[in-house]
Amino acid sequence: MNSPAVLTLKGQADRRLRAGHLWIYSNEVDVAASPLKNFQPGEQVQVKSASGKSMGMAYINPHSLICARLFSRETKYRLDKSLFVHRLNMALSLRDSISDQPYYRLVYGDSDFLPGLVVDRFGDVLVVQIATVGMELVKQALVEALIQVLKPRGILLKNNSRIRKAEALPDYVEVAYGEVPQYVPAIENGVHFNIPVLDGQKTGWFYDHRASRARLANYVKGKSVLDVFSYIGGWGVQAAAFGAESVTCIDASEFALDQVEANAELNHVREKVGTLQGAAFEAMKMLIDEGERFDIVIIDPPAFIPRRKDIKSGEQAYRRANELAIRLIKKGGILVSGSCSMHLGRDRLTDILRASARHLDRDLQILEQGGQSFDHPIHPAIPETDYLKTVFARVLTAS
């Protein structure tokens, strides 16, 4: 095995790595000892502290702010098929020890010690997202390892996310192995879905809210429910299956709402589920003007704060969205408010909900709070892996 090139850190720059973190920023590199221009994007390197102590193995992209990501603390390993098989077996053992059905996020990037990689499992079909050059260069070894460990019917590379632009990677969607149908099945909380893996958002589905969606069963029986930003009905169809009297799903995408109806039909609740196509804010305003009110309003928007610089405008968007949602809730009804913005902390979301309610002369009782499911484990040294929040709150008229 050839000796890898060495990436040397500045003094004290190894502290985060020793504490468990896996990222190295470009301003932490001793460019006199190891000039970044000498490295090729995706190259596997040995990382050393300023004192010469080995920190492990990483892959590098000298053109990125996060210029290297550790994949092993041991220098004897390379990011190859053998290491993939080991990491995949570790990830699989966690998921299968908790879930008795093969529908989950199999690999969640840094948290499964495979930085830059996401793999969602839909039974015998795997959907893969690669976010970094280092992972892109070893994708064939990854595919071979996935075949060995899981023996899937098909593997789809769904590499069209905006995060790839930061690494100057092209977008593409291709079948890397076997056959991948337009739709694949998934079961969540006993509810069945057909997932549009080829044409849907990201991998086609969002497993992360699984636990919070299960909580709906405690609230929705016999109730009227509004599901805003519904996508293909993850919340709304489950609410109907859990006994809601009626469900209205709002989404801007006609394609997504067609899937809502198909998934409602799949679960024999089609007569309970209606759809409303339109931009969420405008659609909610229209329902308010029409005098519509609901027992439960679920609002699970896309990330309004994708980057740190978007915090101010994003918080305003969360405030507006939740105020509209609160206006649509009957007295004593329930608001289910979600956020997938890593830059919006749980305390800050709670404060936004409080302010939204008070602006409308309402009071809130927070009943439950949720986060990521077991298949999105949080790396305790990497706050970015802890991004998902859900708040269940009762809305009361101030008195």
Within a reach of under 6.0 Å around [atom1] of [X], are more than 12 heavy atoms found that belong to other residues, nucleotides or ligands?
X    : atom1 : result
R270 : CZ    : yes
R358 : CZ    : yes
K221 : NZ    : no
I366 : CD1   : yes
E254 : CD    : no

| request: For residues R362 and I326, report the shortest heavy-atom separation together with the two atoms involved. | output: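 Minimum heavy-atom contact is NH1-O, 3.2 Å.
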Side chains of [X] and [Y]: does their closest heavy-atom pair fall under 4.5 Å?
X    : Y    : value
Y172 : N160 : no
V47  : S54  : no
L17  : L70  : yes
W205 : F122 : yes
K48  : L7   : no
F84  : L79  : yes
N263 : N194 : yes
R15  : H21  : no

| query | In terms of ring plane angle, is the pair H379 and F113 parallel, tilted or perpendicular, where the classes change at 30° and 60°? | reply |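 Rings of H379 and F113: perpendicular, as their planes differ by over 60°.
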| request: Could you label the plane-to-plane angle of the F71 and Y59 rings as parallel, tilted or perpendicular, counting under 30° as parallel and over 60° as perpendicular? | output: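 Ring orientation, 0 to 90° scale: parallel.
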| Six-ring centre of W235, R210 cation under 6.0 angstrom, axis tolerance 45° |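 Pair R210/W235 does not count as cation-pi.
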Is [X] reaching over with its side chain to a backbone N or O of [Y], donor-acceptor style, under 3.5 angstrom?
X    : Y    : answer
Q372 : T385 : yes
N267 : H192 : yes
R394 : G333 : no

Does a salt bridge link [X] with [Y], judged by any charged N lying under 4.0 Å from a carboxylate O?
X    : Y    : result
E323 : R319 : yes
D30  : K10  : no
K139 : E136 : yes
D112 : R95  : yes
E245 : K223 : no
D120 : R105 : yes

| said: Going by side chain to side chain contact (heavy atoms under 4.5 Å, CB included), S230 matches just one of L257, V273, L276, I250. Which one? | reply: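 Of the listed options, the one satisfying the test is L257.
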| said: Using the rule side chain to side chain contact (heavy atoms under 4.5 Å, CB included), only one of I298, L287, I296 pairs with L226; which is it? | reply: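 Filter result, single survivor: L287.
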| How long is the gap from CG on L65 to CD on E167, to the nearest 0.5 Å? |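 The CD atom of E167 is 10.5 Å from CG of L65, to the nearest 0.5 Å.
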| message | Between D300 and Y231, do the side chains contain a donor N or O and an acceptor N or O under 3.5 Å apart? | response |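 Per modelled atom types, Y231 and D300 side chains form no pair under 3.5 Å.
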